[in-house]
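Letters A, B, ... mirror the listed sequences (proteins, then strands); counts begin at 1. Since the model is a prediction, treat every value here as computed from it, not as a measurement.
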Amino acid sequence: MPETGPEAADDRPPRESLFEAPPEAEQERMVEAILFATVEPIGVADLNTRLPHGCDAAATVERLRKRYEGRGVSVVKVGDAWAMRTAPDLGFLMQKETVETRKLSRAAVETLAIIAYHQPVTRAEIEEIRGVSVSRGTVDQLLELEWIRFGRRKMTPGRPVTYVVTQEFLDHFGLESARDLPGLKELRAAGLLENRPPPGDALQGDDGEDDQDQTDMFEDEA
Amino acid sequence: MPETGPEAADDRPPRESLFEAPPEAEQERMVEAILFATVEPIGVADLNTRLPHGCDAAATVERLRKRYEGRGVSVVKVGDAWAMRTAPDLGFLMQKETVETRKLSRAAVETLAIIAYHQPVTRAEIEEIRGVSVSRGTVDQLLELEWIRFGRRKMTPGRPVTYVVTQEFLDHFGLESARDLPGLKELRAAGLLENRPPPGDALQGDDGEDDQDQTDMFEDEA
Amino acid sequence: MPDGDMDFSDVGDRLAAEALIVDVDGFEGPLDLLLMLSRTQKVDLRKISVLALAEQYLSFVQRAKTLRIELAADYLVMAAWLAFLKSRLLLPPDPSDEGPSGEELAAHLAFQLERLAAMRDRAAQLMARDQKGRDFFVRGLPEDVTRVRRVRYTATLLDLMQGYARIRTKDEFRPYVMDRDNVFTLEQALERMRGLIGYAGEWTDLLSYLPEGWESDPQRRRSATASHFAASLELVKTGAIRIRQSDTFAPIQIRAVARA
């Protein structure tokens, strides 16, 4: 719609006082330009600081998302941030752009999945789930890819460090949030995300707290 | 959105036969995605080799250019090639201001102080008081900061321009007027002046008179 | 434990077991191996026969031993634990034993296997998702945000005052030159009074001796008054004049001493 260009906006100067936000169409152009130009997802707060005073980035980005529905490029939500990405079904056109990634080992892939579904999770918990020790290289590789990062320490003896997945992880796998991980609800319903200690384990008391932490983490992200 | 993955694309083979071009809208999506993701501007011939057989890149890119008219992003021709760029009028959004706070130089502080205490004051008078010449840069910096401005010209030979402090200056330093500046007596009481000021110093008396004296002093000298 | 014993009468199973032994390095620990073994039961992991699984595992370890394959310690630890579990499951519960029952232990193992299987499925699903740089792409030519660096200068009122104080203090080191415009010195007063004193036959107010232009301006008047007073005292000392004051703050009067 060429009518909504900058000229159109200039046609209504009386409404454009210094402290009045630009018209919606203009705000949309601005958010479009910012998201378009940037590789990293941008948070709504960041958008607002870059937009002129009085703009509503949250509402604008939603409108923009609608506008791009079904196009070759889409506006996607990544955690609390927004980005533009090409439509996944057009990947076949992009051989030139395809980035060759190091093949992840089975251990790395499993560890990543465990961190994603059980976050925040300690190394000991990952080892408990996989039944083998987690090699340093595996964690390092995931940290290097910026798919995982350190979370807050667990309030259990030794205050072990935890791992959580990152925004880059969400971005890479096209997830809006960690709650959108496939089958998360089913796993939780089946009790498979519980950190259930072996029967007779002395540390049984911590169980309840741990679960609390996990749930909180996902709820926080909502 | 795993449903729209590569599988989804595979779901519509009837439209993607080897000899039939995808519908116009689909071609547009494809060109849109390629122009978005490509690292450098891409020519029509290149586009055609990347698009499925039978596509018309030249016509599609023109349609796409029209579609983006007036948007925050535009399809532009770069030499013989095409690229997508953010609209030129939104360039200001692509700048991120980082404000660095730096202490005013000693020369600037002293010059400012002299102007504040002795306004309206000529450059020659500032130099006389400071005992050193005042660099053009220092005065320019203070003018730029809008802490000083030009006052009326002095009615003396050469009619030199004078400097006075601004409202901006008063706001910055939390003063209601330049008369609120502490006098030398107060400076001494505050321990800022260790030594006795020279006899006959214009600021020796009480404050109210000082201002008067200050002005007089220079008018007399002129 | 409905399935009871698991034997290797079936040739296929036996071959599978052999293959497992050869592939032992390919397993990521005993739990991984157990999960693989459980697959041969071809049932929902929740309905798995842990007893049968234990049997399978133990016979695997046995075969590995006969084939002189070195097994990592954790495989042996698991074997010992499964042997213990097996005995618990087979023997009637001992009421005096306070530890967890065989069923509880078996249920936990089943849970662990199910959980590991679930994580593997999810990992596979995750990797099958559209991935950035493979299925969808970011902007190829990002227009980097140009950073405009703006310097904001600050100074506090204290800086300002210190600056001014600095200049003013510096003034003191300037060679001191008395600003004489408003000062009437003792010498000047003495000179002047000596010339005038001869005419003072009567008592006259000292202030009437102040020179013209020094009577009205307060600063000048102060200076001239002081110097004339001092000069008159000097003249009294030499006996040239007499001086008197009738009361505190009353006018000071002088009179020339009549020469004998």
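- Counting heavy atoms from C-beta on, the side chains of C:F111 and A:L192 come closer than 4.5 Å.
- Atom CG in A:L193 sits 5.5 Å away from atom CE in C:M119 (nearest 0.5 Å).
- Panel note: side chain A:R130, backbone C:L31; no donor-acceptor pair is recorded below 3.5 Å.
- Annotation: the span from C:L126 atom CG to A:F169 atom CZ amounts to 4.5 Å, rounded to 0.5 Å.
- The choice from A:I129, A:V73, A:L93 that makes the most heavy-atom pairs within less than 4.5 Å of chain C is A:I129.
- The candidate from C:A118, C:G133, C:A124, C:A107 with the greatest count of non-hydrogen atom pairs under 4.5 Å with chain A is C:G133.
- Put simply, of C:E104, C:R139, C:R122, the one with the most heavy-atom pairs under 4.5 Å next to chain A is C:R122.
- Considering CZ of A:F173 and CG of C:D130, their distance stands at 11.0 Å, rounded to 0.5 Å.
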Show your reasoning for whether side-chain contact (heavy atoms from CB on, under 4.5 Å) applies to A:R106 and C:D32.
-> CA-CA 12 Å; A:R106 187 173 125 178; C:D32 188 21; 3.0 Å; yes
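- Interface remark: A:A107 contributes backbone and side-chain atoms alike to the contact with chain C (heavy atom separation under 4.5 Å).
- Counted within 6.0 Å of CZ on C:R221, heavy atoms from surrounding residues, nucleotides or ligands total 12 or fewer; the atom is thus considered open.
- A side-chain hydrogen bond (donor to acceptor under 3.5 Å, both in side chains) with A:H172 is found for exactly one of C:R134, C:K132, C:Q131, namely C:Q131.
- At distances below 3.5 Å, at least one donor-acceptor pair connects side-chain atoms of C:R129 with backbone N or O atoms of A:G174.
- Taking a 6.0 Å sphere around CD of A:E146, one finds it holds 12 or fewer heavy atoms contributed by other residues, nucleotides or ligands.
- When A:M84, A:E186, A:E128 are compared by the number of non-hydrogen pairs under 4.5 Å with chain C, A:E128 comes out ahead.
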Could you walk me through whether A:E194 and C:R115 pass the side-chain contact (heavy atoms from CB on, under 4.5 Å) check?
-> CA-CA 9 Å; A:E194 288 164 26; C:R115 187 173 58 181; over 6 Å; no
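- For chain C, the option among A:I34, A:T111, A:D171 with the highest count of heavy-atom pairs below 4.5 Å is A:D171.
- The candidate from C:P100, C:P30, C:G29, C:S101 with the greatest count of non-hydrogen atom pairs under 4.5 Å with chain A is C:P100.
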